[in-house]
Amino acid sequence: MNSFVQTLLFTTAAGAALRPRQTNDGCCFQLASVGMVNGTVLEDHVGDLLLGGTFQQGGFCLDKTNQTIKDSLGHNCFMRAPDYQFECYQGAVGTTAFDIASPKADGKSYLTYDNSPGVFYACPIDSESYDIYSSDKADKSGCVPVSLALLDETAACSATATAGNSTLSTRSKTARRTARQMASPTRPLRRQSSSKTCSINPSAPSLAPFQLSHGNSSVPNSSNETSAEVIISRNYSAVFDYAIPDTFPPTNSTGESSLCALQFRMPVCTSLPKGYPCYSFSGLEQEVLANSGMTFHLVDDDGNAPWNSTELHQVFPGENTIIGTFECGQVAGYGESRKMSWHVSSVRDFALEFLQAGVGQSAQFQDGVGAWIVPCQ
Ligand SMILES: *[C@@H]1O[C@H](CO)[C@@H](O)[C@H](O)[C@H]1NC(C)=O
Ligand SMILES: *[C@@H]1O[C@H](CO)[C@@H](O)[C@H](O)[C@H]1NC(C)=O
Ligand SMILES: *[C@@H]1O[C@H](CO)[C@@H](O)[C@H](O)[C@H]1NC(C)=O
Ligand SMILES: *[C@@H]1O[C@H](CO)[C@@H](O)[C@H](O)[C@H]1NC(C)=O
Ligand SMILES: *[C@@H]1O[C@H](CO)[C@@H](O)[C@H](O)[C@H]1NC(C)=O
Ligand SMILES: *[C@@H]1O[C@H](CO)[C@@H](O)[C@H](O)[C@H]1NC(C)=O
Ligand SMILES: *[C@@H]1O[C@H](CO)[C@@H](O)[C@H](O)[C@H]1NC(C)=O
Ligand SMILES: *[C@@H]1O[C@H](CO)[C@@H](O)[C@H](O)[C@H]1NC(C)=O
Ligand SMILES: *[C@@H]1O[C@H](CO)[C@@H](O)[C@H](O)[C@H]1NC(C)=O
């Protein structure tokens, strides 16, 4: 019995060690995570991709015609519902559309997916290894954002990456995005549980701040303050003021508890409405490498919601991030509306300058970048 098991293990291990690198002349590579966890991407014998541990280094090939990745056994790789884990299975397909971003300042090319900049989450399995997920993963507690850099890539990959500049490529990207949006019109927005789990219906009503002001920063106010422009950086912070009417959320479909979330939305610039200015951002690399981000200090709340004002929040292009949740129900005693204000500050030189949509009576844009109060489903 023992020797049979040993033989089996030996066979499996030897098989793994002899895994051939895919021999077609496409874009093939290995992957390494960059960020708070640095490691090569390994693949275990059930097709899960991991960081850390003793498994074989994974080898991958990207087919740019249909944006699919196969591992070195020819199994399709994807990150799909409900768990959004990065894995490669025989016979299975997923809808994840992979791509490669042109080399960054560090000279590396990065793996991206679904037309977003390519933030993956490394979530600990044990003290030395991590599973890898897409940013759609619901509960990211304990996980850290990482980028996946290409290692040892074939020349065909650079051809893929630099093609990002051409008109043709831009057009096909738009077409793909449209196709995906049409394929899943009711897909809930991404969620993240920094406190309670909250899933947000994309059509849920949203409250934008009614006004914005400079927070206490080392730079004095430069002009009039009723602008929708927000600067979060080392020297600038901002205060977001909300008024939650006692009729919010408008329908009581959630039962007794009406949990609300403060949600930060950061669409990719190409999907912003026409005329909406693109934000300026310290960048994915800075954020992931320096573990930078923002704190949302609850400075004022009629409802005295419990809130962690020192927690670090990281936002990424293409993602909607739940900053925190609180009970927003129509508890008596707020008068006409409940006031809530957050003072948002930069941590470790994170910088983001954007136009908050929906501010004021005559806001030019209702949807776009910024922080909203939304009911959880
Ligand atoms: C990971 O590597 C990057 C770039 O090489 C480095 O800046 C970063 O500090 C490393 N992170 C850790 C946790 O070692
Ligand atoms: C993508 O294209 C390759 C080559 O044409 C094919 O082998 C593979 O099955 C395709 N993948 C999907 C998911 O359609
Ligand atoms: C992008 O395209 C422009 C115009 O065709 C060209 O001048 C520029 O060198 C290209 N940049 C890259 C990185 O390929
Ligand atoms: C603003 O900064 C000054 C000086 O550092 C400090 O005295 C004051 O309490 C701060 N105000 C707020 C609202 O943080
Ligand atoms: C900046 O603007 C805010 C809001 O209008 C005001 O309360 C604050 O006193 C101003 N600070 C300075 C230094 O002018
Ligand atoms: C501030 O607003 C006042 C009145 O709306 C205007 O006269 C003034 O020029 C504005 N100042 C700046 C710096 O924009
Ligand atoms: C930010 O503040 C620091 C220290 O107060 C100062 O040295 C730096 O020049 C400021 N940067 C900008 C862009 O104002
Ligand atoms: C919401 O609905 C639940 C269940 O129907 C009910 O018990 C609760 O009182 C309602 N809350 C409000 C504020 O109407
Ligand atoms: C708030 O968040 C910080 C950073 O994540 C954490 O260290 C701290 O324990 C949290 N505080 C509370 C009261 O949960």
Side-chain angles (χ1 to χ4, degrees), residues 29-42 49-53 57-58 100-112 117-133 135 137-153 191-198 232 237 259 261-264 281-301 303-316 319 321-327 340-351 371:
F29 48 86
Q30 294 171 326
L31 289 168
S33 69
V34 179
M36 294 302 285
V37 175
N38 288 338
T40 50
V41 173
L42 311 179
L49 303 179
L50 311 157
L51 297 167
Q57 183 161 10
I100 293 172
S102 321
K104 303 289 166 138
D106 60 6
K108 294 172 182 158
S109 296
Y110 284 88
L111 184 65
T112 66
V119 180
F120 296 79
Y121 286 84
C123 306
I125 307 167
D126 53 40
S127 57
E128 59 173 19
S129 50
Y130 298 78
D131 281 326
I132 305 167
Y133 295 86
S135 63
K137 179 175 168 46
D139 182 357
K140 301 195 191 78
S141 29
C143 305
V144 294
V146 293
S147 303
L148 294 182
L150 271 59
L151 278 185
D152 200 13
E153 67 266 36
R191 56 214 168 110
Q192 175 175 17
S193 86
S194 46
S195 42
K196 287 179 188 154
T197 303
C198 165
I232 310 290
S237 61
L259 197 62
L262 181 68
Q263 182 191 43
F264 196 91
F281 169 45
S282 45
L284 189 61
E285 293 80 4
Q286 195 276 339
E287 191 171 4
V288 168
L289 289 177
N291 195 29
S292 73
M294 297 179 277
T295 54
F296 286 71
H297 186 102
L298 182 60
V299 285
D300 193 16
D301 174 22
N304 290 317
W307 187 267
N308 188 339
S309 288
T310 59
E311 190 178 357
L312 175 75
H313 297 281
Q314 295 183 293
V315 299
F316 298 102
E319 288 195 20
T321 305
I322 290 179
I323 304 301
T325 57
F326 54 91
E327 290 296 330
M340 291 184 90
S341 299
W342 282 273
H343 182 184
V344 183
S345 310
S346 157
V347 176
R348 288 184 280 276
D349 287 345
F350 175 85

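In this chain, numbering begins with 1 at the start of the sequence shown. Counting convention: from 1, in listed order, for ligands and their atoms alike.
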- request: Locate the shortest heavy-atom distance separating F120 from L111; write the atom from each residue and the value.
  value: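 Of all heavy-atom pairs spanning F120 and L111, the closest is CE1-O, 3.5 Å.
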
Contact residues of ligand 1 (heavy atom under 4.0 Å), by chain and number: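 These residues qualify: G35, M36, N38, L289.
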
task: State whether Y121 and K140 meet the cation-pi test: NZ (Lys) or CZ (Arg) under 6.0 Å from the six-membered ring centroid, and within 45° of the perpendicular axis.
output: yes

Check whether [X] reaches the backbone of [Y] with its side chain - one donor and one acceptor, N or O, closer than 3.5 Å.
X	Y	answer
S282	Q286	no
Q314	E287	yes
R348	N291	yes

query: Ring centres of F264 and H313 under 6.0 Å apart?
result: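 Between H313 and F264, which both carry aromatic rings, the centre distance is not below 6.0 Å.
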
- prompt: At a 4.0 Å cut-off, with the gap strictly under it, does some heavy atom of L312 reach an atom of ligand 9?
  reply: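 No heavy atom of L312 comes that close to ligand 9.
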
